[in-house]
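This report refers to the structure that appears directly beneath it.
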Amino acid sequence: MIVDCHFHVDETMLTLDKMLEGMNENNVTKTALIASMNETMFEVDSTYQHHLQRLFRFLILHAPQIGLKIYDGLVKDGFFNLYGHSYKIFTKPRNDLVAAAIDRFPDRFLGWAAVNPIVPQSMDEVEFYLNKPSFIGVKAHPFMHEYSIKALDPIAAMCESKGAPMIVHLSSEPDSYKYLPDNYPNLKLIYAHAGLPFWKKLWNYVKDQPNVFVDTSSDYLNASLVKKAVESLGYRKVLFGCDGPYGMKKFNEYDYSSKKGWIDSLQLPDNQKEYILGKNFLGLIK
């Protein structure tokens, strides 16, 4: 079974029907949905943008002090600034849209309850959704919502007690990737985008953390980076995800095969790829 552990609901970019069409074409059985983080964001197909992405990956891997400064500059005053364009960040995630998608297609979608801990009543909302059987865990975004990882203490404690996983898109706060595993050792934790923005440092740390994983989602990555992550961590610590519909260039035209191709191209036996493509994630949400 192929399961995408990381995909956002935004029908201004990709309708649910079109999402299902892409899932079917690529044999994706289920997708774990997350509320959209920001307003509609189509990308421009340009050589300039491609080179900027390559430069950013290189700096994060080989000159992290510079790379982290660039990363920090992507979010300012409630906007995500990318390639000369600004996109409003949603302060309060629309988990109701995830719930509505699951209600329409309960056999195909699971849900992450997205949280912004600096919004009042966030704990109550997360607990409400986690009581629904198709919601499997919590998504947190310290990067876009601009808070310290310590703000997640009450949510992490709740998830640990319930056995529910968390998926986290990290900010550049120093050593923040160590905080939750060190303080909540039984918390099941996924770092989005292979552990962006720390990558190599995070991989070295995660090796010895039995409950910590990374996903392969996002255009922040490429096939080479996914290969490095799997080589560093092993196939039992990596989860397939897309981060769609972000990365799209036109309405209702999302290419599932590009992200899935990163896994298909790995020089691993098929039975090991199966863990990355679904078995690892399904083991976390039992």
Side-chain angles (χ1 to χ4, degrees), residues 5-8 32-38 68 71-72 74-76 78 80 89-96 98-99 110-132 135-199 201-203 205-206 208-215 217-218 220 237 239 241 243 281 284-285:
C5 78
H6 189 148
F7 208 103
H8 296 267
L33 298 175
I34 305 168
S36 56
M37 292 291 112
N38 50 267
L68 289 175
Y71 184 68
D72 284 339
L74 295 178
V75 172
K76 186 177 180 181
F80 185 41
I89 296 167
F90 300 140
T91 303
K92 187 179 185 302
R94 291 287 308 275
N95 290 311
D96 57 317
V98 175
L110 302 167
W112 291 101
V115 66
N116 182 353
I118 60 178
V119 172
Q121 289 82 48
S122 59
M123 277 286 291
D124 292 340
E125 179 172 330
V126 166
E127 194 153 19
F128 170 79
Y129 281 107
L130 287 184
N131 285 327
K132 293 179 175 290
F135 275 79
I136 46 84
V138 174
K139 165 64 182 287
H141 214 307
F143 172 58
M144 279 198 176
H145 289 146
E146 299 183 277
Y147 55 81
S148 170
I149 196 75
K150 294 180 181 180
L152 292 172
D153 275 334
I155 288 126
M158 180 177 67
C159 285
E160 186 180 49
S161 69
K162 289 178 176 289
M166 288 183 69
I167 184 168
V168 179
H169 183 145
L170 290 161
S171 73
S172 63
E173 181 181 9
D175 292 333
S176 55
Y177 58 90
K178 297 180 181 179
Y179 182 78
L180 293 177
D182 286 355
N183 289 278
Y184 305 94
N186 295 315
L187 174 66
K188 295 182 284 190
L189 185 62
I190 303 164
Y191 285 127
H193 320 315
L196 180 78
F198 299 103
W199 286 342
K201 286 174 64 178
L202 182 143
W203 300 338
Y205 171 78
V206 165
D208 300 320
Q209 302 297 322
N211 298 318
V212 187
F213 302 78
V214 302
D215 77 26
S217 67
S218 175
Y220 289 118
K237 303 279 278 183
L239 314 177
D243 198 33
F281 180 60
L284 284 179
I285 64 173

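Atoms CD1 and SG, from I167 and C5 in turn, are 5.0 Å apart once rounded to the nearest 0.5 Å. Once rounded to the nearest 0.5 Å, the distance linking CD of E125 with CG of D96 reads 8.0 Å. E127 contributes atom CD, which lies 14.5 Å from atom CZ of F135 (distance to the nearest 0.5 angstrom). Note that the OH atom of Y71 and the OH atom of Y220 stand 5.5 Å from one another [nearest 0.5 Å]. Atom CZ of F198 sits about 10.0 Å away from atom NZ of K178, to the nearest 0.5 Å. Expressed to the nearest 0.5 Å, how far CG of L33 lies from NE2 of H6 amounts to 10.5 Å.
The aromatic rings of F80 and F143 sit perpendicular to each other, their planes meeting at more than 60°, with 30° as the lower class boundary. Between Y184 and Y179, the angle of the ring planes goes over 60°, which puts this pair in the perpendicular group of the 30/60° scheme.
Panel note: side chain K188, backbone A164; no donor-acceptor pair is recorded below 3.5 Å. Looking only at distances, a side-chain donor or acceptor of H145 sits under 3.5 Å from a matching main-chain atom of F90. No donor-acceptor distance shorter than 3.5 angstrom exists from the side chain of W112 to the backbone of H8, with no hydrogens or angles considered. K237 places a side-chain N or O within donor-acceptor distance of the main-chain N or O of V206, the cut-off being under 3.5 Å. The closest donor-acceptor contact from the side chain of Y191 to the backbone of Y177 lies under 3.5 Å.
Closest heavy-atom contact between I285 and L110: CD1-CD1, 3.8 Å. Annotation for P93 and A35: closest pair CB-CB, 4.1 Å, computed over non-hydrogen atoms. Shortest non-hydrogen contact noted between V75 and M144 is CG1-O, 3.8 Å. Annotation for A113 and Y129: closest pair CB-CB, 3.9 Å, computed over non-hydrogen atoms. Taking both residues in full, the closest heavy atoms of S148 and E173 are given as OG-OE2, 2.8 Å, listed atom of the first, atom of the second, then distance. Counting all heavy atoms, side chain and backbone alike, P185 lies closest to E160 at N-OE2, 3.5 Å.
Heavy-atom neighbours of K162 NZ from other residues, nucleotides or ligands within 6.0 Å: above the threshold of 12.
Side chains of V138 and L152 form no contact here, defined as non-hydrogen atoms less than 4.5 Å apart. Using a 4.5 Å cut-off on side-chain heavy atoms (C-beta onward), N211 and P181 make no contact. Side-chain contact check for M158 versus L130: some heavy-atom pair is nearer than 4.5 Å. Two residues are said to be in side-chain contact when any heavy atoms from C-beta on lie closer than 4.5 Å; L196 and S218 fail this criterion. A heavy-atom distance below 4.5 Å is found between the side chains of L170 and I149.
Defined by atom type and a distance below 3.5 Å, a donor-acceptor pair is missing between the side-chain atoms of N116 and H141.
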